[in-house]
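As structure tokens, the structure follows; a few thoughts come after it.
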Amino acid sequence: MAQMNMIQALNSAMNLMMARDPDVIIIGQDVGYFGGVFRATDGLQRQYGEHRVIDAPIAEGGIVGSAIGMGVNGLRPIVEIQFADYIYPGYDQLASELAKLRYRTAGDFFSPLTIRTPCGGGIRGGQTHSQSPEGIFTHVAGLKVVMPSNPYDAKGMLITAIEDDDPVIFFEPKRIYNGPFDGDPDKPAVPWSSHPKGEVPEEYYTIPLGRAEITREGSDLTVLCYGTMVHVCEAAAKAAEVDAEIVDLRSMVPLDVDTIRSSVEKTGRCVIAHEATRFSGFGAELAATVQEECFYSLEAPILRVTGWDTPYPHAFEWEYFPGQARLIAAFEKVLEAA
Amino acid sequence: MAQMNMIQALNSAMNLMMARDPDVIIIGQDVGYFGGVFRATDGLQRQYGEHRVIDAPIAEGGIVGSAIGMGVNGLRPIVEIQFADYIYPGYDQLASELAKLRYRTAGDFFSPLTIRTPCGGGIRGGQTHSQSPEGIFTHVAGLKVVMPSNPYDAKGMLITAIEDDDPVIFFEPKRIYNGPFDGDPDKPAVPWSSHPKGEVPEEYYTIPLGRAEITREGSDLTVLCYGTMVHVCEAAAKAAEVDAEIVDLRSMVPLDVDTIRSSVEKTGRCVIAHEATRFSGFGAELAATVQEECFYSLEAPILRVTGWDTPYPHAFEWEYFPGQARLIAAFEKVLEAA
Amino acid sequence: MSRRPRLHIPHPPARPGEDPDFSYVEISPAGSVARPDPTARLRDIERSLAFEMIRVLDDNNVATGPWDPLLDPADLQIGLRHMLTTRLFDERMQRMQRQGRISFYMKSLGEEAVSVAQCMALEPSDMLFPSYRNQGLQITRGRNLVDLMCQCLSNSADMCKGRQMPIMYHWARGNIFSISGNLTTQFPQAVGWAMAAAIKGEDDIASAWIGEGASAEADFHHAMTFASVYKPPVILNIVNNQWAISTFQGFAGGENRPFAARGPGYGFPGVRVDGNDFLAVYAVTRWAAERARRGVGATLIEHVTYRADAHSTSDDPSRYRPKEEWKAWPLGDPVERLKNHMIAEGYWSEAEHEALIAELIEHVSECWEEALTYGTMTDGPQLDKNELFEDVFKDMPRHLIDQREQLRALEDD
Amino acid sequence: MSRRPRLHIPHPPARPGEDPDFSYVEISPAGSVARPDPTARLRDIERSLAFEMIRVLDDNNVATGPWDPLLDPADLQIGLRHMLTTRLFDERMQRMQRQGRISFYMKSLGEEAVSVAQCMALEPSDMLFPSYRNQGLQITRGRNLVDLMCQCLSNSADMCKGRQMPIMYHWARGNIFSISGNLTTQFPQAVGWAMAAAIKGEDDIASAWIGEGASAEADFHHAMTFASVYKPPVILNIVNNQWAISTFQGFAGGENRPFAARGPGYGFPGVRVDGNDFLAVYAVTRWAAERARRGVGATLIEHVTYRADAHSTSDDPSRYRPKEEWKAWPLGDPVERLKNHMIAEGYWSEAEHEALIAELIEHVSECWEEALTYGTMTDGPQLDKNELFEDVFKDMPRHLIDQREQLRALEDD
Ligand SMILES: Cc1ncc(C[n+]2csc(CCOP(=O)(O)OP(=O)(O)O)c2C)c(N)n1
Ligand SMILES: Cc1ncc(C[n+]2csc(CCOP(=O)(O)OP(=O)(O)O)c2C)c(N)n1
Ligand SMILES: [Mg+2]
Ligand SMILES: [Mg+2]
């Protein structure tokens, strides 16, 4: 097996799928000759030609809109939105069109898009290169919404997303493109090669969307998280010496309620973590679901550890980021309770 | 006091504010000569001239974007988006610009917009004239988000919104423009004149944003709702002969957590109702907040009664609508529990 | 306070109670605009195509000039039949809405030539991305009226399974895309569809329609930019029927320039055509299709026409424009003009026309009767309620299965 | 499978390793384009303004033709000083980024004339809506460099209180709007600002800048449409510096037509100007400002220039374009051209130039030293962490007060 960082794993998934299926194409800003500002599509235009890896005008709405049309005409477009912060100009085409096309035509038309977009903070990107807007997509019926936390999952899930006939919004936590990150920006960067999930098969494999993974079993409390936060939560549990069960959701829609339920029924306590702002973030749906599904098992209020309800600030990045200290405080509070 | 329906109350609020403050202007599709497709701005162009009540091109992003610039230049624009379903093309300007302008300039610039938009179903509008997208705005730090449930509140809250230096997304439940609605489409329509909240002063008054109102006191369970659902919940509680405390939130951001907390602490049970799709809807935030704030008072899981997680269908409007039957079932379930 | 307002506010030519005035519509004589080769250099052709008006039928109903498509009399008869069918279908459906049988309707009265002539000028395998005022495309492609009616009825045979408002048709087998309630979204989708055709090396082209009001939406620019960059085989149509609900075309920027002039700004031709002249619309569409099929690129067409009836059954145009405005519309009625041309040429007669109308009224009635056998929203056969939860995704996820169960349980009570 | 791709994919003139080739840039001789009256009818002037290139400085650095603004030598010296300040400031800041003192930077190398000449051509009370490559506007309006540096440092004196990335300046008192990370959003905002000025009857005008790549965004169309409809006093600038990160201007639709040609499509003039010709940029801006102030309406200006350095400190242009491309850029360097003009006219000398550079380097260094006294992101005086929660709303709502308390409690641990 090869060692891959997340970018290489994503590149490998796209490369494989383009080789297998001539209908797979890529469109996005700077994705072609240049290979993408994060280099996820590096080399693909050289290999598959400029009719299949297409540099796009700077118009997210136009990229999504035209890709929908391509999908209707039998292609299987992968769209790259350069930063998740710039997905909003495409929101109408995503929410009003892509999400509802199958429904409104009773299945006669659909467009199997995969929308890849780097999200999250921790790279000094300020408020317009750090956002985590997954929540506003999970509210739209008809979209699948996922976020992998490591190279192995990233590749397997991206292949599944590309093959999926439903639209998938594929969020990539850019902070962990190069390595897992425990929430401490002062520590030296860790590469994926030192992490088991940096071992990635060269060949085709899939990971189903809608299945969470328990990355650490534990009995004291359940931590629901995804993306970068999986690693921060693991580190915080370790630092706090808490026997936490860490659930990497991987997929927000569909949501693996079974795994969540059985974990919380076991532990009786639950902390939810994400980088997005707290109010009406995806953690709200998780908390609502958990209390509904596991009410009688819960021994303490479900706590959310999230970005604050402000834009992502440039200077106070680490005050904003829901790091280990905030997680540990929540672990303690939830364990103390009742 | 006068009898007003909700359209008249909104019109009265705008009329008053335009008379008081020459910087108040209105812009939107068909709002000028025609007076708006729902007639909310009827007569205002005649009264205040076409430089203050401005018909706009069909470009929601352009309307919001240009109104932001007007606000920066000292005006106090009221924007009408013809249907909330058509607010998405303006989402980038709302979420990236309007919401964050004050923050990113450390208070040196702001734009005091009020965005009025009719939302909700029940008028055979199908999937593109029935949506309730409040949830995706409540997640954006920097926006106030409100929805009145009656003419009296509509007028007082709209005046407050117009005077507010923060941007306010003002959702208007169009199903109750003409009268309260108990969820039964087969019953004859009831006008506002038969409802105490249809009594609306002609003159200026304000209702603060961020204060919920208890429209019915009760001790068995708390119902959190807003807009059309307030009336449906009241009717359901009556039909089920349940001593429900009905909390009309009125404002989602800021949220009146104190009122919510003390009600749920009193009743120990909570049902949340909205028309928007359930998954990641605003009810999720409410449930998450209630369980966190009132965990030790809760005697049953908090239940959500909402639109299903599908687009709003034309034919099955009343199967989709979270009507009395679904509310009553939830009331029963939450009362049975534990 | 000295306020010197100088913001320009467009004004329509006339308001209720005033005399209609269409002097702002610049009209070229029939036959006066040259027909360039579809591969001609833009700069040599752009001005006349975008600013003049391509017309074939002259005031005496004679076809004239280089754009005369020289159609067979049989084709003219087909065109006339489709336009009349569209009109009579519209009339009937509007009546049914008034009677409460359907919830909503939108007519295309006065604009029938656009859909019918364009559809006839395209190949059946070309993909159409209509707006809500292009029912003529469906009819011309041979759609059974019963299908359209069932959609409007949201009944058991509704192609949309009750999920869309009336008139939001689609027809996968007929290569007609789904109509969206959101304006202009189909414009970049059509461009993308055409890009895919070009990527796959297939010969089919795409054509999309929006109203002039809708051209202000972002997606217009998206479509134009992508069409400019990738030169895909697409025809982008703006149906300038002068009104967008209550605002006239000046509120979309039509006061200063024809909408057709937007094309050259992006580097491809914009063509301004008399949208009520069946022959001109047909000819211009052939020209644009040839450009697309020969790989030259996109064409923007502005159809100058007039929305003769209300915006929809929810609208009352007498509030914002003179009641008799249509009568003053200088480009007349597309049905009358084609009919008179055919009569003038000896292909048609008043008697035949009357007979055709009678036949079509009868046909529409029969279709309506048949449609009713599939139910209405309240009576007769109904759609299965479980359908509410289908097709959100290809396979139903757990949370929708649960919600379906909840609804079932309630219904069983 | 017979695939016959015919999708057009734009190609830049040269890739790394190839010889630069700017033969696609059409250049008019200096002085060759007529200067119409600002109120002239569009159709009489549109073609030459949009397709030719307005230039004042000829190959011998002599100012020539009707667009010569006849500026005083003193003004030229001010312009040169501002351009050089901008360039030296950029250089220094890029170096500081390399050294890790600031997190990010974007230079405007090669494009300084656009911001400096335009700002000088406008009134101090006119409102500017810049992109991230218009630091010259700040400098020309008299902003203290220390303020700009403090913003880049997110230090205790940062006007943005640490909330924005470097270079996202704003200056309320200087009438310069806030820069957004989201492209093109300022374009319709500027139009709205100008609409408000017109509504209030005030005389100030607005001017906004975007890159040619950003012109593909929806907000370009919004701005153009609203400018077309309401004719507000606004100048809309497209800085066509040939590149948008790795894609050349063809990917925004620039292959077929100058971007200036978009203007006439919407019914107002587009003017194509040599963006590296200080005098031409100044003159064109005066012309557009006169149109705005006299209530004639909006003007689109395309500045033809070249992005001489990387897109930003995160970019490496050697991956996608020839290293020496700037050297081949036919419109030269705006600083050199103005300097040579002034020397040719006898207003300036090499010695004075060297002295000015030395003075400005010293000035920039002094400013940097002062800026550092307000701290860096890691050392020295720091912003108050409570600021994180301020200004989300005018008054802090309960949930933010709670969150601020949570953060405080943690920090106290
Ligand atoms: C995004 C969006 N905004 C607003 C509307 C409401 N609306 C429906 S039709 C219409 C007028 C469209 O006019 P035009 O494009 O000229 O088409 P016409 O009705 O004349 O055929 C408006 C404003 C909508 N459907 N979608
Ligand atoms: C909405 C949005 N999409 C994408 C980006 C990422 N981005 C930043 S600058 C840039 C290129 C802009 O090029 P251009 O407009 O030509 O300006 P220039 O950098 O050449 O001055 C891109 C794609 C962004 N900032 N905002
Ligand atoms: Mg129209
Ligand atoms: Mg550029």
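Letters go in sequence order (proteins before strands), and every chain restarts at 1.
- How far CG of C/N182 is from CD of A/Q93: 8.5 Å, rounded to the nearest 0.5 Å.
- Other residues, nucleotides and ligands place no more than 12 heavy atoms under 6.0 Å from the OH atom of C/Y374.
- Atom-to-atom distance recorded for A/I58:CD1 and C/T225:OG1 is 11.0 Å, nearest 0.5 angstrom.
- Evaluation of the side-chain contact (heavy atoms from CB on, under 4.5 Å) rule for A/A284 yields A/R304, B/A284, B/E285, B/A288 as partners, not counting sequence neighbours.
- In this structure, C/Y230 and A/A56 approach most closely via the heavy-atom pair OH-CA, 3.2 Å.
- Atom CG of A/L209 sits about 10.5 Å away from atom CZ of C/F393, to the nearest 0.5 Å.
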Kindly list each side-chain donor-acceptor pair under 3.5 angstrom involving residues 67-79 of chain A, sequence neighbours excluded, with atom names and distances?
from, atom 1, to, atom 2, distance (Å)
A/N73, OD1, C/K200, NZ, 3.2
A/N73, ND2, C/W193, O, 2.9
A/R76, NH1, A/I162, O, 3.0
A/R76, NH1, A/E163, O, 3.3
A/R76, NH1, A/D164, O, 3.3
A/R76, NH1, A/D165, OD1, 3.3
A/R76, NH2, A/D165, OD1, 2.6

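- The NZ atom of C/K394 lies 6.5 Å from the CZ atom of A/R102; values are rounded to the nearest 0.5 Å.
- When the candidates A/I63, A/I27, A/V253 are compared by the number of heavy-atom contacts under 4.5 Å with chain C, A/I63 comes out ahead.
- If you measure heavy-atom distances from A/P57 to chain C, the contacts under 4.5 Å come from both the backbone and the side chain.
- Between A/G62 and C/F226, the shortest heavy-atom contact is C-CZ, 3.4 Å.
- In this structure, chain A has heavy atoms under 4.5 Å from both the backbone and the side chain of C/L388.
- In this structure, the separation between OG on C/S180 and NZ on A/K100 is 9.0 Å, given to the nearest 0.5 Å.
- Residue A/H51 holds its NE2 atom at 9.5 Å from CE of C/M195, rounded to the nearest 0.5 Å.
- A donor-acceptor contact shorter than 3.5 Å links the side chain of C/R163 to the backbone of A/Y103.
- Of the two parts of C/M127, only the side chain, counted from C-beta on, holds a non-hydrogen atom closer than 4.5 Å to a non-hydrogen atom of chain A.
- Of all residues spanning residues 105-114 of chain A, those with a heavy atom less than 4.5 Å away from chain C's heavy atoms are A/T105, A/A106, A/G107, A/D108, A/F109, arranged by number.
- Heavy-atom pairs under 4.5 Å with chain A peak, among C/T185, C/V191, C/V229, C/D219, at C/T185.
- For C/Q164, the part lying under 4.5 angstrom from a heavy atom of chain A is the side chain only.
- For a residue to count as touching a neighbouring chain, one of its non-hydrogen atoms must lie under 4.5 Å from one of that chain's; by this rule A/D256 does not touch chain C.
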Distance-only donor-acceptor pairs under 3.5 Å for side chains of residues 397-407 of chain C, two or more places apart:
from, atom 1, to, atom 2, distance (Å)
C/Q403, OE1, B/D309, N, 2.8
C/Q403, NE2, B/D309, OD2, 2.8
C/E405, OE2, C/R408, NH1, 2.8

